[in-house]
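For ligands, and for the atoms within them, numbers begin at 1 and follow the listed sequence. All values reported here derive from a predicted model rather than from experimental measurement.
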Amino acid sequence: MSIPTIQWVSGAVRIIDQRKLPNQLKFLTCKDTKALWSAIKTLAVRGAPALGAAAAFGVLLGIKRIKTQNRKVFDKELKKICNYIGSSRPTAVNLFNALSDMEDVALKNPSASVDALKKKFKVKAMGIFNHDKKVCRQMGANGAKLVKDGQTLMTICNAGALATVDYGTALGVFYSAKQKKKRFKVFACETRPLLQGARLTAWELQKQKIDVTLICDNMAATLMQQKKVDMIFTGADRIALNGDSANKIGTYNLAVLAKHHKVPFYVVAPLSTFDTKIKTGKSIPIERRDPNEVTTIAGKRTAPKNIKVYNPAFDVTPRNLITGIVTECGVVRAPNAKKIKRLFK
Ligand code: MRU
């Protein structure tokens with residue numbers, strides 16, 4: 001897989017600037033937390049697992065600038081950095097789980113010197129980065145077992161290499177199935193308003209030589225009615241303890257359609273995307289984004305001035321519409337709180 005979505009290079013965070021895809025493959029180097037915050041907010045880097053790695057590297061950027069050797073002062077500054085990074089986007093829990101893992105380094109080493117602690121932070125951040133690479137491949141292998149030769153699959157948004165460190169969750173299933181020499185086709189939903197499906201998934205799957213056909217979001221129903229879809233695989237940004245799963249707006253539409261047309265609907269997500277502290281999807285914070293994303297397409301205004309706009313970035317698919325959640329530890333079929341608790345044991 002040759003898509004280096006996010007890397008730590010010479011003391012800075014190097015990302016593929018996803019705002020420019022598919023027309024230009026450009027890299028963006030973030031040298032401080034402010035630049036990284038802005039890259040997250042404007043979706044230069046996006047996708048739940050990639051945001052986890054970005055948050056961990058963001059902490060490294062922040063602590064580099066702390067000059068004190070006083071632990072109390074350092075710990076206070078660290079808290080500020082984590083709160084700042086956490087204010088970028090609210091829904092993907094990977095970002096908050098990574099920040100909490102980083103903060104734990106300080107909590108678990110109360111007597112370490114600031115210099116020793118900074119080294120431990122680097123090890124932890126690289127651990128989060130490498131763990132994502134590993135679990136994406138495990139999820140891919142677990143999900144690929146579900147794919148039968150000759151099937152047609154559907155996906156929404158971008159849950160691929162660009163949404164993770166380098167391989168993907170839902171698209172990782174496709175990569176793994178291809179590696180196992182299975183033949184299949186993919187319908188990619190364009191994913192309005194920001195077109196992560198058209199711009200990113202179509203680009204990524206084409207680059208990996210997967211047979212992909214782009215559709216507008218509102219074409220999914222007719223394809224399912226015509227029995228042209230065998231299975232749906234999506235990613236997730238936050239999964240509640242009972243299995244309710246938040247993902248890009250439009251995912252819930254697909255899940256309802258899938259139930260009606262008896263098409264299996266799978267969510268593919270690592271354990272770092274679960275939020276076991278919240279019982280149901282009702283407690284998942286949903287990001288509301290700029291109205292301009294709806295009133296314009298690729299920078300061109302398509303709606304009248306002063307129109308009222310509603311622009312939630314994510315929706316929640318209730319657990320009873322989910323056939324299974326594919327994780328690095330296997331597939332949780334008909335997810336519920338009991339099965340998910342067992343996953344974490
Ligand atoms: O707003 P985005 O582009 O960050 O939304 C991303 C998604 O909804 C992905 O499907 C999700 O993060 C899973 S990525 C493996």
*Can you sort out the partners of D17 under side chain to side chain donor-acceptor pair (under 3.5 Å), two or more places apart, ordered by chain and number?*
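Listed in chain order: R19.
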Under a 3.5 Å threshold, I'd like every N/O contact between ligand 1 and protein atoms, with atom names and distance.
| from | atom 1 | to | atom 2 | distance (Å) |
| --- | --- | --- | --- | --- |
| ligand 1 | 1 (O) | R89 | NH2 | 2.8 |
| ligand 1 | 1 (O) | K248 | NZ | 2.8 |
| ligand 1 | 3 (O) | R46 | NE | 2.8 |
| ligand 1 | 3 (O) | R46 | NH2 | 3.3 |
| ligand 1 | 3 (O) | Q196 | NE2 | 2.9 |
| ligand 1 | 4 (O) | G47 | N | 3.1 |
| ligand 1 | 4 (O) | R89 | NH1 | 2.8 |
| ligand 1 | 8 (O) | D237 | OD1 | 2.9 |
| ligand 1 | 8 (O) | N247 | OD1 | 3.1 |
| ligand 1 | 8 (O) | K248 | N | 3.2 |
| ligand 1 | 10 (O) | N247 | OD1 | 2.7 |
| ligand 1 | 12 (O) | A48 | N | 2.8 |
| ligand 1 | 12 (O) | D237 | OD1 | 3.0 |
| ligand 1 | 12 (O) | D237 | OD2 | 3.1 |

Has [X] got more than 12 heavy atoms of other residues, nucleotides or ligands less than 6.0 Å from its [atom1]?
| X | atom1 | answer |
| --- | --- | --- |
| Y252 | OH | no |
| K185 | NZ | no |
| K120 | NZ | no |

*asked:* Aromatic contact between F129 and F57, with the criterion being ring centroids under 6.0 Å apart: yes or no?
replied: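 Yes, close enough.
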*Taking N336 for its side chain and G243 for its backbone only, find out whether a donor-acceptor pair lies under 3.5 Å.*
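Here the side-chain-to-backbone pair does not exist.
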